[in-house]
Amino acid sequence: MKKYWVPAIERADSILKILANHPRQYRLIDLSNELNINKSSMFSLLNTLEDLHWVKKEKDGTYALGLAMGMFSASYFHQLDLVEIFHQIAPLYVERIGETAQLAILNDKHIFYLAKQESQSPIRIATDPGMTLPAHAPSLGKVLLSQFTYKQLIELYPDEPLEPLTPYTVKTRQALWEQLQYIKENGYVFEQREATKDFYCVAAPIWNYENHMIAAVSFTMLEGSWKEKKNVLLLKY
């Protein structure tokens with residue numbers, strides 16, 4: 001255990017992470033079982049978090065993130081220059097290409113969506129700022145994982161098969177590694193229905209002045225648009 005570690009905060013953090021990824025799916029007993037925390041302690045944790053508006057209890061007894069989390073997220077996004085720059089530049093490309101653009105960073109082996117610029121298409125992409133997805137499936141995650149060595153990738157994914165999000169999600173570390181090599185050689189990656197069954201994506205990295213990969217940006221579209229715009233997107237990237 002780390003020096004000066006506060007277990008109660010760690011438990012609260014675990015609860016918030018579960019609710020962020022699975023809103024309105026977990027009741028008190030489910031969280032108690034999942035985190036191996038007795039029901040009495042879990043009740044106290046949830047009651048405190050609810051009073052602070054960090055979580056919200058639904059009518060069916062399940063929990064979701066509360067209003068305070070949205071306020072924290074808004075403040076966090078506001079302070080990021082990268083997000084501000086994205087919102088300045090993305091509308092120009094979204095208007096030109098006609099597809100939704102997204103910005104994300106890597107958090108362990110998940111991507112964290114920072115910003116999104118919607119297109120005029122009536123088809124809406126389900127992901128929003130503040131959401132997370134396993135990094136091995138979406139194009140944004142593949143780009144961000146491409147900075148790792150093979151040894152680091154194996155340490156990040158010690159078990160196989162990799163978690164499937166659709167029937168098309170990459171299943172093995174070797175297959176994922178081959179995708180990452182493509183990114184290193186070409187500077188972008190295509191992802192075809194691996195993260196969401198009906199959508200295709202193309203993504204590329206964002207580098208800082210020290211040549212460190214700090215984020216990734218993508219365009220997402222349906223198959224018909226993909227076939228029509230694939231080559232145009234390559235020119236834009």
Side-chain angles (χ1 to χ4, degrees), residues 20-23 73 77 80 82-147 162-171 175-176 178-207 213-237:
N21 289 300
H22 306 283
S73 296
F77 294 141
L80 291 177
L82 185 60
V83 174
E84 183 178 346
I85 293 170
F86 173 86
H87 284 306
Q88 291 174 358
I89 297 175
L92 304 175
Y93 287 90
V94 168
E95 181 179 2
R96 192 177 306 174
I97 295 171
E99 305 294 343
T100 296
Q102 296 186 94
L103 175 73
I105 58 174
L106 188 66
N107 181 18
D108 191 28
K109 56 182 180 180
H110 287 75
I111 59 168
F112 183 85
Y113 287 94
L114 290 178
K116 178 180 183 180
Q117 184 67 43
E118 293 272 13
S119 70
Q120 295 300 313
S121 170
I123 306 299
R124 188 179 182 280
I125 311 300
T127 47
D128 288 305
M131 292 180 62
T132 64
L133 276 181
H136 66 275
S139 59
L140 287 165
K142 295 179 192 295
V143 166
L144 292 165
L145 290 174
S146 69
Q147 61 191 297
L162 302 178
E163 179 184 354
L165 298 187
T166 77
Y168 307 99
T169 305
V170 63
K171 297 177 177 61
L176 176 60
E178 291 172 3
Q179 292 179 340
L180 303 188
Q181 297 316 292
Y182 181 91
I183 299 166
K184 291 178 180 179
E185 293 173 7
N186 296 278
Y188 62 88
V189 65
F190 295 135
E191 175 255 298
Q192 304 183 48
R193 301 183 290 175
E194 288 191 50
T196 307
K197 191 173 181 180
D198 296 322
F199 287 96
Y200 292 67
C201 299
V202 58
I206 296 174
W207 305 86
M213 190 185 300
I214 57 172
V217 63
S218 72
F219 282 100
T220 304
M221 65 209 73
L222 293 171
E223 183 175 7
S225 296
W226 173 255
K227 292 178 178 178
E228 175 187 345
K229 300 177 181 179
K230 178 179 177 180
N231 292 331
V232 175
L233 283 163
L234 285 181
L235 292 175
K236 301 300 180 187
Y237 273 105

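Worth saying up front: this structure is predicted, and the values here are computed from it rather than measured.
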Under the ring-ring contact (aromatic ring centres under 6.0 Å, His included) rule, collect the residues that match up with [X], sequence neighbours excluded.
X	value
F199	none
H22	Y26
Y182	Y188

Listed by chain and number, what are the side chain to side chain donor-acceptor pair (under 3.5 Å) partners of [X], not counting sequence neighbours?
X	answer
S225	E99
Q179	K142, E194
T127	Q102
T100	E118

Are any of the side-chain heavy atoms of [X] and [Y] separated by less than 4.5 Å?
X	Y	value
F112	L133	no
F86	L114	no
L165	T196	no
K171	L176	no
T220	C201	yes

task: Show your working on side-chain contact (heavy atoms from CB on, under 4.5 Å) between K109 and L145 and close with a plain yes or no.
output: CA-CA 8 Å; K109 56 182 180 180; L145 290 174; 5.6 Å; no

Heavy-atom pair with the smallest gap, counting every atom of [X] and [Y]:
X	Y	result
A115	V83	CB-CG1, 4.1 Å
K197	T166	N-CG2, 3.5 Å
A104	I111	CB-CB, 4.3 Å

task: Under the salt bridge (Lys or Arg N to Asp or Glu O under 4.0 Å) rule, collect the residues that match up with E178, sequence neighbours excluded.
output: none

task: Please report the C-alpha distance between D128 and K116 in whole Å, then the side-chain angles of each, then the deciding distance to 0.1 Å, and finally whether the side-chain contact (heavy atoms from CB on, under 4.5 Å) criterion is met.
output: CA-CA 7 Å; D128 288 305; K116 178 180 183 180; 3.3 Å; yes

Can you sort out the partners of [X] under side-chain contact (heavy atoms from CB on, under 4.5 Å), two or more places apart, ordered by chain and number?
X	answer
A175	V170, T172
Q181	W177, K184
A215	L82, L103, I105, I206

task: May I have the step-by-step check of side-chain contact (heavy atoms from CB on, under 4.5 Å) for M221 and S119, ending in yes or no?
output: CA-CA 10 Å; M221 65 209 73; S119 70; over 6 Å; no

- prompt: Just how far is it from atom OG of S146 to atom CG of L180, taken to the nearest 0.5 Å?
  reply: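 Answer for the OG-CG pair, S146 versus L180, is 6.0 Å.
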
- request: Hey, could you give me the OH/OH distance between Y168 and Y200, rounded to the nearest 0.5 Å?
  value: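 The distance works out to 7.5 Å.
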
query: Are the side chain of E191 and the backbone of R193 linked by a donor-acceptor contact shorter than 3.5 Å?
result: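 Side chain of E191 to backbone of R193, a donor-acceptor pair under 3.5 Å: yes, one is there.
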
Selection residues 130-139 - residue pairs positive for side-chain hydrogen bond (donor to acceptor under 3.5 Å, both in side chains), sequence neighbours left out: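 The answer is N21-T132.
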
message: Counting only heavy atoms from other residues, nucleotides and ligands, does the tally under 6.0 Å from CD of Q120 exceed 12?
response: no

